[in-house]
Amino acid sequence: MRTGGLSVRLDVRAATVVVLLLVAALAASVVLIGTGDFPISAGDVLATLTGNGNAGQEFIVTELRLPRVLVGLLVGASLGLGGALFQSISRNPLGSPDVLGLGQGATAGALVVIVLFSGSATAVTAGALAGGLVTGLGIYLLAWKRGVHGYRLVLVGIGVAAMLTAVNGYLITKADLVDAARAVVWMTGSLNGRDWTQVWPLLALCAVLVPLVLGNARGLRMLEMGDDVAYALGVRVERTRLLLMLAAVLLTAAATAAAGPVGFVALTAPQLARRLTRSPGPNLVPAMCMGATLLIVADWASQRAFGADQLPVGVVTGVLGGVYLLWLLVAERRAGRV
């Protein structure tokens, strides 16, 4: 498609997938808002969101349930985008924040605040964000050798993740009973009790980082073809890679700070989006929409699929993601890549 001097390539299948995923995420959000001890029909939810509900519905929807759903959508989208960036930069389907240790780093930061300082919820959020950033910087520096390359980044990340897992276990053993229980709940990954104080910082960060990432999408596609080709096409390779890695670390750390380490969404969302679109390249927007849809559906399942027992959403994504990871490893082995 050409308009004046601007040329735009429209992938009809990818655009259709994005629209369908958005519809699915919004529909699941309406259902989730209406789910709970005080059920509300989808029509009443929509009426309340447009300002036509009664006082009780207004309180339940806007104060109790809508913030949780918005945090879920933003966390899922952030993890999906962060995972797509890492997998594209590393050129490896296993190069996600779950595998590279960023979630463990954010967890370590939060545990330090909880165990050593008995910090408030705001301090825990700041600790998780700082832990994720420090871990991302450490992985980048350790993987640097005349540039950062895919398998070295993944291998360094796996080693860092193993060390941080041990550190997190040690911190739990040093905590008193109350702090240990609080830490374990946070480490599971949950959307319980989320309110508007978690929505606005995450929304502001996404508003800054998503346009920045999408604006560098062309450079990212060039990087997937190799550094030499990217240089030849005029891409400032290390600058682009560092900028996008920083954005991915911030997105992952912020999502972890808001909801705890919700596992495997960053790993599975980009791969599922690529399989649906059948399109080469990082598929950034489809990965965002897939991440948001996955997390909202998993949150609904965590509340309704197990009867009276409500599970943290991180348990559901962990089970589903673990199955997907095993399948992916088998597929990569059959293809001779691992």
Legend entry - Hydrophobic cluster membership, Ile139 vs Val134, 4.5 Å side-chain cutoff: no
Legend entry - Approximate separation, where rounding is to 0.5 Å, of Thr240 OG1 and Arg218 CZ: 10.0 Å
Legend entry - Nearest atoms (heavy-atom pairs only) where Ile172 meets Ala180: O-CB, 4.3 Å
Inset, instruction - Verify the neighbour count for atom CZ of Arg13: are there more than 12 heavy atoms of other residues, nucleotides or ligands below 6.0 Å? - result: yes
Inset, instruction - List in chain and number order the residues that pass side chain to side chain contact (heavy atoms under 4.5 Å, CB included) with Leu276, two or more places apart in sequence or in another chain; answer none if no residue qualifies. - result: Val17, Met290
Inset, instruction - Taking the side chain as every heavy atom from C-beta outward, state whether Leu294 and Thr317 have any atom pair closer than 4.5 Å. - result: no
Legend entry - Shortest non-hydrogen contact between Ala273 and Ala287, atoms and distance: CB-N, 3.7 Å
Inset, instruction - Check whether Leu244 and Val156 end up in the same hydrophobic cluster, where Ile, Leu, Val, Met, Phe, Trp and Tyr are linked by side-chain heavy atoms less than 4.5 Å apart. - result: yes
Inset, instruction - Taking the side chain as every heavy atom from C-beta outward, state whether Leu100 and Ile158 have any pair of such atoms under 4.5 Å apart. - result: no
Inset, instruction - Step by step, work out the side chain to side chain contact (heavy atoms under 4.5 Å, CB included) result for Phe264 and Leu320. - result: CA-CA 8 Å; Phe264 290 106; Leu320 297 177; over 6 Å; no
Inset, instruction - Decide yes or no for Ser190 and Thr188: does some side-chain heavy atom of the first lie under 4.5 Å from some side-chain heavy atom of the second? - result: no
Inset, instruction - Would you confirm whether Asn216, through its side chain, and Gly219, through its main-chain N or O, come within 3.5 Å as a donor-acceptor pair? - result: no
Inset, instruction - Would you check if Leu73 and Leu295 make a side-chain contact, meaning some heavy-atom pair closer than 4.5 Å? - result: no
Legend entry - Distance, nearest 0.5 Å, that separates OG of Ser90 from CZ of Arg241: 10.0 Å
Legend entry - Ala301 to Val316 - nearest heavy-atom pair and separation: CB-CG1, 4.5 Å
Inset, instruction - Measure the spacing between CG of Leu251 and CG of Leu102 and express it to the nearest 0.5 Å. - result: 11.0 Å
Inset, instruction - Work out which heavy atom in Pro286 is nearest to a heavy atom in Val18; give both atom names and the distance. - result: CG-CG2, 3.7 Å
Inset, instruction - Using atom types as modelled and distance alone, determine if a side-chain donor or acceptor of Thr50 lies under 3.5 Å from a backbone N or O of Leu46. - result: yes
Inset, instruction - Evaluate the criterion side chain to side chain contact (heavy atoms under 4.5 Å, CB included) for residue pair Leu133 and Leu250; output intermediate values, then yes/no. - result: CA-CA 7 Å; Leu133 288 173; Leu250 283 171; 3.3 Å; yes
Legend entry - Residue pair Thr165 / Asn168, side-chain donor-acceptor N/O under 3.5 Å: no
Inset, instruction - Quick one: pull up CG in Leu116 and CG in Leu171 and give me the separation to the nearest 0.5 Å. - result: 6.0 Å
Legend entry - hydrophobic_cluster_shared for Val75 and Val297, side chain cutoff 4.5 Å: no
Pairs under 3.5 angstrom only: tabulate donor-acceptor contacts from the side chains of residues 196-213 to other protein residues two or more places apart or in another chain.
from	atom 1	to	atom 2	distance (Å)
Trp196	NE1	Thr62	O	3.0
Thr197	OG1	Asp195	OD1	2.3
Gln198	OE1	Asp195	N	2.8

Legend entry - ring pair (Phe, Tyr, Trp, His ring centres under 6.0 Å) pairs, two or more places apart, involving residues 86-138: none
Inset, instruction - Check Gln87 against Ala266 and note the closest heavy-atom contact, atom names and distance. - result: NE2-O, 3.5 Å
Legend entry - Whether Arg194 side chain and Arg68 backbone form a donor-acceptor pair below 3.5 Å: no
Legend entry - Over all atoms of both residues, closest heavy-atom pair of Ala254 and Leu129: N-CD1, 3.7 Å
Inset, instruction - Please collect all side chain to side chain donor-acceptor pair (under 3.5 Å) contacts where either partner lies in residues 281-293, sequence neighbours excluded, each pair once. - result: Thr277-Asn283
Inset, instruction - For atom CZ of Arg239, decide whether the heavy atoms of other residues, nucleotides or ligands shown that lie under 6.0 angstrom number more than 12. - result: no
Legend entry - Cluster check Val23, Ile33: I/L/V/M/F/W/Y, side chain < 4.5 angstrom: no
Legend entry - Atom pair CG/CG of Asp299 and Asn192 - distance to nearest 0.5 Å: 7.5 Å
Legend entry - Tyr140 reachable from Leu85 in the ILVMFWY side-chain graph, under 4.5 Å edges: yes
Inset, instruction - Report yes if some heavy atom in the side chain of Val265 is under 4.5 Å from a heavy atom in the side chain of Val262; otherwise report no. - result: yes
Inset, instruction - Starting from the C-alpha separation in whole Å, work towards a yes-or-no answer on side chain to side chain contact (heavy atoms under 4.5 Å, CB included) for Thr135 and Val160. - result: CA-CA 8 Å; Thr135 302; Val160 170; 4.0 Å; yes
Inset, instruction - Sequence neighbours left out, what passes side chain to side chain contact (heavy atoms under 4.5 Å, CB included) with Ala130? Give chain and number order. - result: none
Inset, instruction - Would you check if Arg65 and Leu32 make a side-chain contact, meaning some heavy-atom pair closer than 4.5 Å? - result: no
Legend entry - Expected output: side-chain Thr252 to main-chain Val249 donor-acceptor under 3.5 Å: no
Inset, instruction - Just jot down the side chain to side chain contact (heavy atoms under 4.5 Å, CB included) partners of Val113, sequence neighbours excluded, or say none. - result: Ala123, Val124
Legend entry - Spatial distance of atom OG (Ser88) from atom CG (Leu284) [nearest 0.5 Å]: 7.0 Å
